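Got a structure here, written out as structure tokens. Questions coming.
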Amino acid sequence: MIAVLKNGTNDTQIKKLTDWIESLGLQVHLSKGEYQTIVGLVGDTSRVDEDLLISLDIVETVKRISEPFKSANRKFHPDDTVVKVGNTSVGGDAFAVMAGPCSVESCEQVVEIAKAVKAAGATLLRGGAFKPRTSPYDFQGLKAEGIEFLLEAKQQTGLPIVTEIMDASHLPMFEEVDLIQVGARNMQNFELLKELGKTNKPILLKRGLSATIKEWLMSAEYIMAGGNENIILCERGIRSYDSQYTRNVLDLAAVPVLHELTHLPVIVDPSHATGASRLVKPMALAAAACGANGLMIEVHNDPKKALCDGPQSLTPEQFSDVMSSVKKILG
């Protein structure tokens with residue numbers, strides 16, 4: 001349920017209203033826009049007398065929200081959320097590009113790539129320290145050492161870093177990480193999401209391999225229910241029946257749909273979606289054209305020797321070319 005307040009309502013009046021709502025055992029989500037203030041009621045709203053609420057002098061209208069995701073809902077928060085990540089922003093008019101290797105392999109490697117992607121226009125450095133792999137025999141990442149290498153690259157380039165977390169017990173290692181990534185396989189790891197909700201760290205939430213948009217937004221809701229509203233959604237392709245030519249199906253229609261449903265920023269990962277470096281550029285351009293707030297692209301200085309996902313990784317030169325073309329799309 002949301003209550004839209006009348007123009008001219010002051011802070012004292014809002015405080016009295018929110019105190020009363022909280023006394024009913026509900027949570028309050030307050031959104032102050034340029035032209036109106038919206039009070040969101042989260043919880044069992046059946047105990048609220050709707051007629052009493054709408055009769056208050058400061059209340060313009062009262063609406064019930066049928067969707068199960070509340071805090072992530074644009075009806076609760078009409079204005080776009082802009083997530084601050086280190087010295088850059090994601091959402092609104094800001095177009096963010098996260099680039100770097102699938103796996104951190106050495107300090108020299110990640111620093112070299114960081115300098116190259118920054119020169120091409122990347123605004124964040126991505127790199128996997130912990131790697132969830134389908135096979136237990138594949139490279140699993142350098143773990144804590146990998147994070148240290150990312151931090152060294154950050155120090156040398158100034159780029160904020162984004163890397164994936166596997167387990168809530170690893171959170172102490174992520175204190176200096178600017179953006180914590182929840183991978184597709186962990187999108188519905190609800191205990192992990194609850195712990196991330198207790199942090200003040202920005203979270204990059206990737207869509208699950210077979211997740212619906214509703215399920216994806218409910219996962220974001222788990223984080224937001226804990227108090228952390230700094231969430232960026234990442235479309236990275238969904239599983240299909242045709243894996244011969246593309247790794248996944250990149251659901252670009254999800255981008256405008258999400259902009260209708262939620263105020264959270266949405267970025268696209270064409271690397272994991274397609275699994276082929278030659279397809280990254282056209283899908284990156286399409287993502288920019290359909291309204292995505294940013295891109296996540298895998299870049300490796302020598303893709304043929306990459307320990308993880310070499311076939312979908314761009315060289316620094318290819319990445320620079322993609323960035324030039326994306327800038328033309330963005331105008």
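Because the structure is predicted, anything quoted here is derived from the model rather than measured.
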- Might you point out which heavy atoms bring Ala120 and Lys327 nearest each other, and give the distance in Å?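 What the structure gives for the nearest pair is O-NZ, 3.8 Å.
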
- Donor-acceptor contact present, side-chain Asn301 to main-chain Pro316, <3.5 Å: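 Absent.
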
- Task: Under the side-chain contact (heavy atoms from CB on, under 4.5 Å) rule, what do Gln109 and Asp302 come out as? Steps first, then yes or no, please.
- Result: CA-CA 10 Å; Gln109 171 236 21; Asp302 191 355; over 6 Å; no

- Return the orientation label for the Phe190 and Tyr222 ring planes: parallel under 30°, perpendicular over 60°, tilted otherwise.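 Parallel, since the angle between the ring planes stays under 30°.
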
- Item | Expected output: side-chain Lys201 to main-chain Asn230 donor-acceptor under 3.5 Å |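 The answer is no, because no donor-acceptor pair under 3.5 Å joins these two groups.
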
- Message: Please report the interatomic distance CZ(Arg236) to OG1(Thr274), rounded to the nearest 0.5 Å.
- Response: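 The CZ atom of Arg236 sits 11.0 Å away from the OG1 atom of Thr274.
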
- Item | Lys6, NZ: over 12 other non-hydrogen atoms inside 6.0 angstrom |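 Yes, the 6.0 Å shell around NZ holds more than 12 heavy atoms from other groups.
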
- Message: I'd like to know if Arg247 and Asp309 make a salt bridge, using a cut-off of under 4.0 Å between side-chain N and carboxylate O.
- Response: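 Salt bridge: yes.
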
- With rounding to the nearest 0.5 Å, note down the distance linking CD1 in Ile165 to CG in Leu196.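 Atom-to-atom, Ile165:CD1 and Leu196:CG are 5.5 Å apart.
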
- Is there a path of hydrophobic side-chain contacts, each under 4.5 Å between heavy atoms of I, L, V, M, F, W or Y residues, that connects Leu30 with Ile65?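 No: no chain of side-chain contacts under 4.5 Å links Leu30 to Ile65.
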
- Query: Is Glu67 salt-bridged to Lys75, cutoff N-O under 4.0 Å?
  - Reply: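 Here Glu67 pairs with Lys75 in a salt bridge, since their nearest N and O are under 4.0 Å apart.
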
- Message: Taking CG in Asp44 as the centre, count heavy atoms belonging to other residues, nucleotides or ligands within less than 6.0 Å. Is the count above 12?
- Response: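 Correct, the count exceeds 12.
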
- Applying the 4.5 Å side-chain criterion to the ILVMFWY set and letting contacts propagate, would Leu217 and Val182 be lumped into a single cluster?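 Yes: a chain of side-chain contacts under 4.5 Å links Leu217 to Val182.
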
- Message: In this structure, would Met166 and Leu205 fall into the same cluster of hydrophobic residues linked by side-chain contacts under 4.5 Å?
- Response: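 Yes, it is one cluster - the side chains of Met166 and Leu205 are joined through contacts under 4.5 Å.
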
- State yes or no: do Val162 and Ile223 share one hydrophobic cluster built from I, L, V, M, F, W and Y residues joined by side-chain heavy-atom distances below 4.5 Å, directly or via other members?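 In one cluster with Val162: Ile223, no.
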
- Do other residues, nucleotides or ligands put more than 12 heavy atoms under 6.0 Å from the CG atom of Asp19?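 For Asp19, atom CG is crowded (more than 12 foreign heavy atoms under 6.0 Å).
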
- Are the side chains of Lys206 and Gln181 in touch, meaning some heavy atoms are under 4.5 Å apart?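 Side chain of Lys206 against side chain of Gln181, heavy atoms only: contact under 4.5 Å found.
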
- For the side chain to side chain contact (heavy atoms under 4.5 Å, CB included) test, which of Val326, Thr123, Asn293, Ile267 pairs with Phe95?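 Result: among Val326, Thr123, Asn293, Ile267, Val326 is the only option passing the side chain to side chain contact (heavy atoms under 4.5 Å, CB included) with Phe95.
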
- Going through the checks in order, is the side-chain contact (heavy atoms from CB on, under 4.5 Å) test met by Leu179 and Val83? CA-CA 10 Å; Leu179 178 61; Val83 178; 5.6 Å; no

- Message: Between Ser31 (side chain only) and Ile38 (backbone N and O only), is there a donor and an acceptor less than 3.5 Å apart?
- Response: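 No, the answer is negative, given that no donor and acceptor are paired below the 3.5 Å cut-off.
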
- Query: Are Asp80 and Pro265 close enough that some pair of their side-chain heavy atoms sits under 4.5 Å apart?
  - Reply: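 Side-chain contact under 4.5 Å: no.
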
- Message: Show, in sequence, the C-alpha distance, side-chain angles and deciding distance for Lys16 and Ile58, and conclude whether the side-chain contact (heavy atoms from CB on, under 4.5 Å) test is met.
- Response: CA-CA 11 Å; Lys16 288 182 179 179; Ile58 64 172; over 6 Å; no

- Item | For the student: nearest non-hydrogen atoms of Leu204 and Cys234, plus distance |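 Nearest heavy atoms, Leu204 then Cys234: CD1-CB, 3.8 Å.
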
- Does a side-chain heavy-atom distance below 4.5 Å link Pro68 with Lys214?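 They are in contact (side-chain heavy atoms under 4.5 Å apart), so the answer is yes.
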
- Query: OG/Ser271 to NE2/His300 distance, rounded to the nearest 0.5 angstrom?
  - Reply: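 Taking OG in Ser271 and NE2 in His300, the distance rounds to 13.0 Å.
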
- Query: Charged N to carboxylate O below 4.0 Å: is that the case for Glu298 and Arg126?
  - Reply: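 Arg126 and Glu298: salt-bridged.
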
- Query: Among the clusters formed by ILVMFWY side chains lying less than 4.5 Å apart, do Leu125 and Ile180 turn up in the same one?
  - Reply: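 Cluster IDs for Leu125 and Ile180 match.
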
- Message: How long is the straight-line distance from CD of Gln188 back to CD of Glu215, given to the nearest 0.5 Å?
- Response: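 Between Glu215 CD and Gln188 CD, I get 5.0 Å after rounding to 0.5 Å.
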
- Message: Any side-chain to backbone donor/acceptor pair from Gln13 onto Asn10? Under 3.5 Å, distance only.
- Response: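 Confirmed, Gln13 side chain pairs with Asn10 backbone.
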
- Query: With a 4.0 Å cut-off, would you call Lys32 and Asp11 a salt bridge?
  - Reply: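 Salt bridge present between Lys32 and Asp11.
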
- Task: Could you give me the CA-CA distance, side-chain angles and deciding distance for Phe174 and Thr199, then say whether side-chain contact (heavy atoms from CB on, under 4.5 Å) is met?
- Result: CA-CA 11 Å; Phe174 284 71; Thr199 74; over 6 Å; no

- Message: Strictly distance-based, threshold 3.5 Å: is any side-chain N or O of Arg207 a donor or acceptor partner for the main-chain N or O of Trp216?
- Response: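 No; judged by distance alone, with no hydrogens or angles, the pair does not exist.
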
- Is a side-chain N or O of Asp251 found less than 3.5 angstrom from the main chain of Ile238, in a donor-acceptor match?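 Not a single qualifying donor-acceptor pair exists.
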
- Measure from the side-chain N and O atoms of Gln156 to the backbone N and O of Val111, and report whether any donor-acceptor pair falls under 3.5 Å.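 Side chain of Gln156 to backbone of Val111, a donor-acceptor pair under 3.5 Å: no, none is there.
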
- So, the side chain of Ser320 versus the backbone of Glu317: is there a donor-acceptor pair under 3.5 Å, distance only?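 Side chain of Ser320 to backbone of Glu317, a donor-acceptor pair under 3.5 Å: no, none is there.
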
- Asp167 and Ser169: side-chain donor and acceptor closer than 3.5 Å?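 Side chains of Asp167 and Ser169: pair found under 3.5 Å.
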
- Is the closest side-chain heavy-atom distance between Met224 and Leu264 below 4.5 Å?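 A side-chain contact exists here, since the closest heavy-atom pair is under 4.5 Å.
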
- For the pair Glu50 and Arg64, find out whether any cationic side-chain nitrogen is under 4.0 Å from an anionic carboxylate oxygen.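 Answer for the salt bridge query: yes.
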
- Message: Do Glu176 and Lys154 have side chains that approach each other closer than 4.5 Å (heavy atoms only, starting at C-beta)?
- Response: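 Sidechains of Lys154 and Glu176: no contact.
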
- Task: Flag the pair Gln318 / Val280 as yes when at least one side-chain heavy-atom distance between them is below 4.5 Å, and no otherwise.
- Result: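 Gln318 vs Val280: side chains apart.
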
- Task: Could you tell me the separation between the CZ atom of Phe319 and the CG atom of Leu295, rounded to the nearest 0.5 Å?
- Result: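 The distance works out to 8.5 Å.
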
- Query: Does some side-chain heavy atom of Leu124 sit less than 4.5 Å from a side-chain heavy atom of Asp178?
  - Reply: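 Asp178 does not reach Leu124 side chain to side chain.
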
- Message: With heavy-atom distances below 4.5 Å as the criterion, would you say the side chains of Lys84 and Ser89 are in contact?
- Response: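 Lys84 reaches Ser89 side chain to side chain.
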
- Mind listing the closest non-hydrogen atom pair of Leu192 and Ala168 along with its distance?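 Of all heavy-atom pairs spanning Leu192 and Ala168, the closest is CD1-N, 3.6 Å.
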
- Query: Do Thr262 side-chain atoms and Ala72 backbone N/O form a donor-acceptor pair below 3.5 Å?
  - Reply: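 Side chain of Thr262 to backbone of Ala72: a pair is present.
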
- Can you name the nearest heavy-atom pair linking Val90 to Ala96, along with the distance?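 Smallest interatomic distance, heavy atoms only, reads CG2-CB, 3.7 Å.
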
- Does the side chain of Glu229 come under 3.5 Å of the side chain of His77 through a donor N or O and an acceptor N or O?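 No - no donor-acceptor pair under 3.5 Å links their side chains.
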
- Item | Side-chain donor or acceptor of Lys70 paired with backbone N/O of Gly40 under 3.5 Å |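 Judged by distance alone, no pair lies under 3.5 Å.
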
- For the student: nearest non-hydrogen atoms of Ile14 and Leu5, plus distance: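 Of all heavy-atom pairs spanning Ile14 and Leu5, the closest is CG1-CD1, 3.8 Å.
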
- Query: At what distance, to the nearest 0.5 angstrom, does NE2 of His263 lie from CD1 of Ile231?
  - Reply: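 If we round to the nearest 0.5 Å, His263:NE2 and Ile231:CD1 are 8.5 Å apart.
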
